[in-house]
Q: 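Handing you a structure now.
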Amino acid sequence: MGSDPKGRAFVIMGVSGAGKSTIGAMLAKALKCDFLDADDYHSHANKEKMRQGIPLSDEDRIPWLETLQDTLRENIINGKTVILGCSALQKQYREILRAADSNYEPGSYCSLVKFILLNVQVEVLVARLEKRAAEGKHFMPATLLQSQLDMLQIDNSEGILKIDATQSPEAILNHIQNALI
């Protein structure tokens with residue numbers, strides 16, 4: 001995999017609490033590549049809004065997604081494989097990330113940037129977010145979960161790999177590796 005002339009990116013996507021960071025870090029370790037957490041690329045203002053329970057607008061998200069696109073493009077151009085944990089809830093956001101592949105034709109869904117959706121039922125997500133909040137491990141309150149669920153759009157024509165993320169992290173990782181790599 002490291003000998004690929006072109007890099008590629010796998011985006012572990014889903015709403016908050018789906019397991020993007022955990023699974024992304026495990027996949028990166030398995031593939032011996034870098035894991036990037038999209039939350040680390042949010043502006044201070046975006047993080048503050050989320051901390052206060054205010055959903056982000058497209059005006060907040062687009063510059064953040066463009067920064068992520070630039071980061072993915074740099075890795076792809078340098079022949080590196082990279083894993084990105086990013087909510088990527090809407091098709092338009094995924095299109096920005098797919099365009100990190102300089103040969104990407106909008107709407108074709110054929111890109112060096114591939115998406116993996118971690119699917120989790122609402123009750124499980126709420127329990128995970130409440131546990132994290134109690135441990136002081138996340139800046140986004142569970143109250144924003146519904147706004148994220150409302151925004152999540154998946155079009156089957158996009159070819160997004162959907163994984164049941166209520167399985168053990170090891171089972172999820174095996175499923176991803178068997179399906180994609």
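All values below come from the heavy atoms of this structure, side chains included, with hydrogens, waters and symmetry mates left out.
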Q: Step by step, work out the side-chain contact (heavy atoms from CB on, under 4.5 Å) result for M26 and F35.
A: CA-CA 9 Å; M26 288 174 67; F35 170 69; over 6 Å; no

Q: Does this structure show an ion pair linking K49 with D60, if we count only N-O contacts that are shorter than 4.0 Å?
A: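 Yes.
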
Q: Going by heavy atoms in the side chains, are I12 and L118 under 4.5 Å from each other?
A: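 The answer is yes, as the side chains (C-beta and beyond) meet within the 4.5 Å cut-off.
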
Q: Work out which heavy atom in L27 is nearest to a heavy atom in I83; give both atom names and the distance.
A: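 L27 and I83 have their closest heavy atoms at CD2-CD1, 3.7 Å.
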
Q: Report yes if the side chains of L152 and I154 come closer than 4.5 Å at any heavy-atom pair, otherwise no.
A: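 In contact.
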
Q: Could you go through the side-chain contact (heavy atoms from CB on, under 4.5 Å) check for R8 and K80 one step at a time?
A: CA-CA 7 Å; R8 52 188 170 164; K80 293 181 181 173; over 6 Å; no

Q: Ignoring hydrogens, what is the shortest heavy-atom contact between C86 and W64? Give both atom names and the distance.
A: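 That closest heavy-atom pairing would be SG-CH2, 3.8 Å.
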
Q: Taking the side chain as C-beta and beyond, is there a heavy-atom pair between E158 and K91 under 4.5 Å?
A: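 Of all side-chain heavy-atom pairs linking K91 with E158, at least one is under 4.5 Å.
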
Q: Tell me the closest heavy-atom pair linking A9 and L72, and the distance in Å.
A: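 The pair with the smallest heavy-atom distance is CB-CD2, 3.9 Å.
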
Q: Treating E74 as the side-chain partner and T71 as the backbone partner, does any N or O pair qualify as donor plus acceptor under 3.5 Å?
A: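 A pair under 3.5 Å: no.
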
Q: Going from CG on D101 to CD on Q69, what distance comes out if it is rounded to the nearest 0.5 angstrom?
A: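 Going from CG on D101 over to CD on Q69, the span is 10.5 Å.
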
Q: Working to the nearest 0.5 angstrom, can you tell me the gap between D40 CG and T67 OG1?
A: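 With rounding to 0.5 Å, CG (D40) is 12.5 Å from OG1 (T67).
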
Q: Taking A99's backbone N and O only, do any of them form a donor-acceptor pair with R73's side chain (distance below 3.5 Å, no angle check)?
A: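 It does hold such a pair.
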
Q: Compare every heavy atom of V120 with every heavy atom of A165, then report the nearest pair and how far apart it is.
A: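 Looks like CB-CG2, 3.3 Å.
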
Q: Within the side chain of K32, is there an N or O that forms a donor-acceptor pair under 3.5 Å with the backbone of K29?
A: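 No, because the side chain of K32 does not come within donor-acceptor range (under 3.5 Å) of the backbone of K29.
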
Q: Looking only at non-hydrogen atoms, find the nearest pair between Y104 and Y109 and report the distance.
A: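 Taking Y104 first and Y109 second, the nearest heavy atoms are OH-N, 3.2 Å.
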
Q: Quick one: are I76 and V113 in side-chain contact, heavy atoms under 4.5 Å?
A: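 Contact flag for I76/V113 side chains = yes.
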
Q: Do you know which two heavy atoms are closest between G7 and L112, and how far apart they sit?
A: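 Residues G7 and L112, closest heavy atoms: O-CD1, 3.6 Å.
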
Q: Indicate whether the side chain of Q92 and that of D58 have a donor and an acceptor atom separated by less than 3.5 Å.
A: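 Checked: Q92/D58 side chains pair up, N/O donor to acceptor below 3.5 Å.
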
Q: Okay, side chain of R94, backbone of F115: is any donor-acceptor separation there less than 3.5 Å?
A: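 No: the side chain of R94 does not pair with the backbone of F115.
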
Q: Between V11 and K114, is the side-chain contact (heavy atoms from CB on, under 4.5 Å) condition met? List the steps.
A: CA-CA 6 Å; V11 180; K114 305 284 183 214; over 6 Å; no

Q: Go through the steps to decide whether F10 and L84 satisfy the test side-chain contact (heavy atoms from CB on, under 4.5 Å), and finish with yes or no.
A: CA-CA 6 Å; F10 295 102; L84 173 67; over 6 Å; no

Q: Report, as yes or no, whether the 6.0 Å neighbourhood of atom CD on E48 holds more than 12 heavy atoms from other residues, nucleotides or ligands.
A: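 Yes, the 6.0 Å shell around CD holds more than 12 heavy atoms from other groups.
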
Q: Please examine the side chains of L161 and I163, heavy atoms only from C-beta on, and report whether any two atoms are closer than 4.5 Å.
A: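 SC-SC contact between I163 and L161 confirmed.
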
Q: Is it the case that more than 12 heavy atoms not belonging to Q153 sit under 6.0 Å from its CD atom?
A: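 Enclosed.
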
Q: Report the distance from atom CD1 of I62 to atom OH of Y93, rounding to the nearest 0.5 Å.
A: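 So the CD1 of I62 and the OH of Y93 are separated by 6.0 Å.
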
Q: With a 4.5 Å limit on heavy-atom distance, are the side chains of N78 and N75 in contact?
A: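 Counting from C-beta outward, N78 and N75 never come under 4.5 Å.
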
Q: Does some side-chain heavy atom of I160 sit less than 4.5 Å from a side-chain heavy atom of I116?
A: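 In short, these two side chains do not touch, never coming nearer than 4.5 Å.
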
Q: Please answer whether the main-chain N or O of C110 pairs with a side-chain N or O of S108 as donor and acceptor at a distance below 3.5 Å.
A: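 Judged by distance alone, yes, a pair lies under 3.5 Å.
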
